[in-house]
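Every number for a ligand or one of its atoms is a count from 1 in the order of the listing. Numbers here are sequence positions counted from 1.
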Amino acid sequence: MSETNKNDLIVVAGAGGFIAGALVKYFADRGFTRIRAVDKKPLPEWYQRVPGAECLCLDLSHEEHCRRVCEDATEVYNLAADMGGMGFIERFRIECLRSILINTHMIEAAYRAGAQRYFFSSSACVYNTDLQKDPKVRGLKESDAYPAMAERGYGWEKLMSEMFCEEYWHERGMKTAIARFHNVYGPYGTWDGGREKAPAAICRKVIEAKDRGIDSIEIWGDGNQTRSFMYIDDCTRGIDSIMHSDDLTATPINLGSSELVSINELVNIAEELGGVELKRDYRLDAPQGVAGRNSDNTMIQKILGWEPDTPLREGLAKTYVWIERQYMDRKAGKRTVV
Ligand code: NAD
């Protein structure tokens, strides 16, 4: 495991969003003094603003902006992407594919700037969809991405960007790290507006039902589809460990929980947290993605001796409380995330 100097310049792209915002906070909390946070969103819309971090508002699909943000960087973390939950990635495949521009320019700019390490946030959506047709799936292991049959749009962009990372190491010698995130959730994430993922959407629907006296909840699909969900603190810790492990250079690795639950079970937990029981209104025509998906954590356990381990109930409790506060603040006319 290599160490970074606390005064080295760290660049975090996508820092106005959920995971990269949390990553900036993670490094700031650990005493890093030079963090450059970048996002195309206007600053007032960033989910977290970390005191002391340099914040730049730039569109990273332009090469010249990538060069500007990578100047003097020792490490570059690229988490910028046009993304969202199933509702977004099934509907806006072209936007998802266009995120290839961000990684293409960022990795070249990082290389030209002489950065020592480059991180790319890939996704479980790279995995062959033929292996995910049963809710009782076996966990997906890293080799399951090939032969390739990734999620249309979003998954193919991630797969291609992974390939860039692999070749910048093999051909040009820049150390790259690639983590395939499986659904990440937690406070300061998108919770409304169409890009939110299942944990946030379900918490919000329960909160809304309670607040408005509604006795039912709309669920996308039949509720039997299965997933695993990783709490944000596990994600930031995992990014740091993967980036600094020389055994993982240019090697895609799963970063996700292996606690498989059905969407119905996720709803049960959210209902318990809210102290309500709602009738379930299953929307079979809504976007629902693959039937089942879980993370096989054999490789991360073997190489890092750790896997994301925050129990879903514990992480969801913190997330629920945070979303409830956002919901109430919005209702009171106050400014909120999203
Ligand atoms: P997010 O939408 O909250 O954050 C992404 C940020 O990137 C946004 O703030 C957005 O404004 C920014 N961005 C988009 N296009 C940009 C551009 N051209 N220039 C500069 N900034 C731009 O998403 P997130 O959940 O924090 O995801 C972060 C990364 O992790 C993404 O690459 C995503 O694909 C990946 N990922 C996330 C999950 C998850 O469950 N959240 C799962 C798998 C992979």
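Distances from atom 14 (C) of ligand 1 to the heavy atoms of Ala81, Ala80, Ser61 show the closest one on Ala81. Nearest to atom 39 (C) of ligand 1 by heavy-atom distance, out of His62, Arg227, Lys197, is Lys197. Across the listed options Phe181, Phe18, Tyr77, Phe18 owns the non-hydrogen atom lying nearest to atom 3 (O) of ligand 1.
In this structure, a donor-acceptor pair under 3.5 Å is present between the side chains of Thr310 and Asp234. There is no side-chain donor-acceptor pair under 3.5 Å between Asp39 and Tyr47. Side-chain contact check for Ser245 and Asp247: no donor-acceptor pair (N or O, by modelled atom type) lies under 3.5 Å.
Contact annotation: His65 has no heavy atom less than 4.0 Å from any atom of ligand 1. Ligand 1 lies nowhere less than 4.0 angstrom from a heavy atom belonging to Gly84. Within the structure, ligand 1 has Tyr154 among the residues with a heavy atom less than 4.0 angstrom away.
When ring centroids are compared, Tyr188 and Phe18 stay outside the 6.0 Å threshold.
At a heavy-atom cutoff of 4.0 Å, ligand 1 is contacted by the backbone of Leu58 but not by its side chain. The side chain of Lys158, and not its backbone, has at least one atom closer than 4.0 Å to an atom of ligand 1 (non-hydrogen atoms only; side chain from C-beta on). Using a 4.0 Å cut-off between heavy atoms, Cys125 makes no contact with ligand 1 at all. Contacts with ligand 1 closer than 4.0 Å are made by no heavy atom of Arg195, backbone or side chain.
Considering both main-chain and side-chain atoms, Ala124 never comes within under 3.5 Å of ligand 1 through any nitrogen or oxygen pair. At least one N or O atom of Ser121 sits closer than 3.5 Å to an N or O atom of ligand 1. Every N/O-N/O distance between Tyr47 and ligand 1 stays at or above 3.5 Å. Considering both main-chain and side-chain atoms, Ala20 never comes within under 3.5 Å of ligand 1 through any nitrogen or oxygen pair. Remark: ligand 1 and His182 share no N or O pair separated by less than 3.5 Å (distance only, no angle test). Close N/O approach between Asp59 and ligand 1 is found [any backbone or side-chain N/O within under 3.5 Å]. Considering backbone and side-chain atoms alike, Asp39 places an N or O below 3.5 Å from some N or O of ligand 1.
Distance from atom 37 (C) of ligand 1 to its nearest protein heavy atom, with residue and atom name: Met83 CE, 3.6 Å. Ranking the protein heavy atoms by distance from atom 27 (O) of ligand 1 puts Ile19 CD1, 3.8 Å first.
Taken to the nearest 0.5 Å, the CD atom of Glu208 stands 7.5 Å off from the CG atom of Asp192.
Summarising the local packing, NZ of Lys136 is surrounded by 12 or fewer heavy atoms from other residues, nucleotides or ligands at distances under 6.0 Å. Annotation: Arg172, atom CZ; neighbour count of heavy atoms from other residues, nucleotides and ligands within 6.0 Å is above 12.
Residues Ser228 and Asn183 are not in side-chain contact: their nearest non-hydrogen atoms beyond the backbone lie 4.5 Å or more apart. Contact check for Tyr77 versus Ile19: no side-chain heavy atoms found under the 4.5 Å cut-off.
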